[in-house]
Amino acid sequence: MKTAAKAAGKPAKAAAKAGAKAAGKTAGKSGSTKATKTKSAERVTEILRLLHERYGEAQCALDHRSPWELLVATILSAQCTDVRVNMVTPQLFAAYPTPEAMAAAPIEALERLIRTTGFYHNKAKSIQGAGRVISEQFGGRVPQTMAELLTVPGAARKTASVVLGVAFGKAEGVVVDTHVFRIARRLGLAKGDTPQKVERELMRVIPRERWIGFSHEVIHHGRAVCVARKPRCAECHLEKLCWAKDKTCHSAGR
Ligand code: SF4
């Protein structure tokens, strides 16, 4: 009897032991996943805090006096610096101040005025078309939704996000320009290999109320410190939180 009981009890005990071990493993695994998530969320919060602390005053660098002027300036800023755009827009808006006037402008005159911003044939068509659509379909006022803005010639998602965020304070997306694309990946906030993928990742990890400010702050960081070639990591206040492979310095202990 003793032997039989022992024999019957063995598998039961082993199963119980294995079950407990498995349960322990599962609990341990989910516990560590939770801990990793918390740690990563804390890291993102700290990055956002430090960016805001340093660049919280950052504003859109494109000069404008209205949503319309911002829309035109943003279209012109594709593949061009904001400084260059700011050099051409005063004459452009003096000659053609409204969407109606821009729509009626001779294309050659627009091309001449914006020539130095590059890609001026396409950009002239875009701003003339934007003037036409806004005057004919939106009563001369820049629309305030992403869906409507995307119907305006020259306004792709990034342009629309800039206008919605800066002119109307509406966070419909995260503006991913060349600086945001590079730095989001350097900081490990995103891994995507296209601006669209990076924007989707950033929208997941950054609280919505920070979407607008985050882009301005990162763009300033990208111009001042985290430049494309040889980032100035020794001067960077985010260095301890940065995992970039192309960092140019590593603080002690990392
Ligand atoms: S440590 Fe270097 S790579 Fe990382 S964010 Fe700062 S400047 Fe950029």
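Worth saying up front: this structure is predicted, and the values here are computed from it rather than measured.
The shortest non-hydrogen separation linking Leu150 to Ala160 is CD2-CB, 4.3 Å. In terms of heavy atoms, Ala73 sits closest to Val85 at O-CG1, 3.7 Å. When all heavy atoms of Val163 and Leu70 are compared, the pair lying nearest together is CA-CD2, 3.9 Å. Nearest approach of Pro143 to Val152, heavy atoms of both residues: CG-CG2, 4.5 Å. When all heavy atoms are compared, the tightest approach of Thr151 to Ala147 is CG2-O, 3.5 Å. The minimum heavy-atom distance linking Ser126 with Ile75 is given by the pair CB-CG2, 3.9 Å.
Applying the side chain to side chain donor-acceptor pair (under 3.5 Å) test to Glu217 and every residue at least two apart in sequence or in another chain returns His52, Arg210. Glu201 is linked by a side chain to side chain donor-acceptor pair (under 3.5 Å) to nothing, counting only residues two or more places apart in sequence or in another chain. Remark: Arg49 pairs with Glu46, Glu53 by the side chain to side chain contact (heavy atoms under 4.5 Å, CB included) rule, at least two apart or across chains. By the side chain to side chain contact (heavy atoms under 4.5 Å, CB included) test, Leu92 pairs with Val72, Leu76, Tyr96, Met102, Leu110, Leu113, Ile114, Ile127, sequence neighbours left out. Residues forming a side chain to side chain contact (heavy atoms under 4.5 Å, CB included) with Thr178 (at least two apart in sequence, or on another chain): Arg182. Take Pro207 and apply the side chain to side chain contact (heavy atoms under 4.5 Å, CB included) test, not counting sequence neighbours, and it matches Leu48, Glu209. Listed by chain and residue number, Arg115 satisfy the side chain to side chain donor-acceptor pair (under 3.5 Å) test with Tyr120 (two or more places apart in sequence, or in another chain).
Counting only residues at least two apart or in different chains, ring-ring contact (aromatic ring centres under 6.0 Å, His included) contacts with residues 163-219 are absent. Residue pairs meeting the side chain to side chain donor-acceptor pair (under 3.5 Å) criterion with at least one member in residues 130-140, sequence neighbours excluded, do not occur. Sorted by first and then second residue, the side chain to side chain donor-acceptor pair (under 3.5 Å) pairs involving residues 81-95 (not counting sequence neighbours) are Asp82-Arg223.
In this structure, the side chains of Phe93 and Val88 stay at 4.5 Å or more apart for every pair of heavy atoms. Between Glu239 and Lys247 there is a side-chain heavy-atom pair separated by less than 4.5 Å. For the pair Leu149/Glu172, no side-chain contact is recorded, criterion being any heavy-atom separation below 4.5 Å from C-beta on. For the pair Ile134 and Arg141, the minimum side-chain heavy-atom distance is 4.5 Å or more. Looking at heavy atoms from C-beta onward, Val175 lies out of side-chain contact with Val180 at the 4.5 angstrom threshold.
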TODO: Carefully, step by step, assess Val174 and Ser161 under the rule side-chain contact (heavy atoms from CB on, under 4.5 Å).
DONE: CA-CA 7 Å; Val174 178; Ser161 287; over 6 Å; no

Task: Step-by-step side-chain contact (heavy atoms from CB on, under 4.5 Å) determination, Thr116 to Met87 - done: CA-CA 9 Å; Thr116 56; Met87 288 163 87; over 6 Å; no

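One distance of note links CD1 of Ile47 with CD of Glu42; it measures 12.5 Å at 0.5 Å rounding. Between the OG1 atom of Thr248 and the NZ atom of Lys230 there is a distance of 9.0 Å, given to the nearest 0.5 Å. Here the CH2-CD distance, from Trp68 to Glu100, works out to 8.5 Å after rounding to the nearest 0.5 Å. Interatomic distance, CD of Glu111 versus CG of Asn122, reported as 9.5 Å (0.5 Å rounding). Atom CD of residue Gln59 and atom CD1 of residue Ile219 lie 12.0 Å apart, to the nearest 0.5 angstrom.
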Tabulate below the donor-acceptor pairs under 3.5 Å that side-chain atoms of residues 185-192 make, not counting sequence neighbours, or state none.
residue, atom, partner, partner atom, Å
Arg185, NH1, Lys191, O, 3.4
Arg185, NH1, Gly192, O, 2.6
Arg186, NE, Asp246, OD1, 3.3
Arg186, NE, Asp246, OD2, 3.2
Arg186, NH1, Val227, O, 2.9
Arg186, NH2, Ala228, O, 2.8
Arg186, NH2, Asp246, OD2, 2.8

Just list the side-chain donor-acceptor pairs under 3.5 Å for residues 231-238, sequence neighbours left out, or say none.
residue, atom, partner, partner atom, Å
Arg232, NH1, Ala224, O, 2.6
His237, NE2, Leu50, O, 3.0

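When only modelled atom types and interatomic distance are considered, Thr145 and Glu148 share a side-chain donor-acceptor pair under 3.5 Å.
Between the side chain of Ser77 and the backbone N or O of Cys80 there is no donor-acceptor pair closer than 3.5 Å. With Lys170 contributing its side chain and Gln144 its backbone, the two residues share a donor-acceptor pair below 3.5 Å. Between the side chain of His121 and the backbone N or O of Phe119 there is no donor-acceptor pair closer than 3.5 Å. Under the 3.5 Å distance criterion, the side-chain polar atoms of Glu199 are left unmatched by any main-chain donor or acceptor of Pro195.
When the side chains of ILVMFWY residues are joined at heavy-atom separations under 4.5 Å, either directly or via intervening members, Ile206 and Ile212 end up in two distinct hydrophobic clusters. Cluster annotation: Leu202 is not connected to Met146 through the hydrophobic network of ILVMFWY side chains, with a link wherever side-chain heavy atoms come within less than 4.5 Å.
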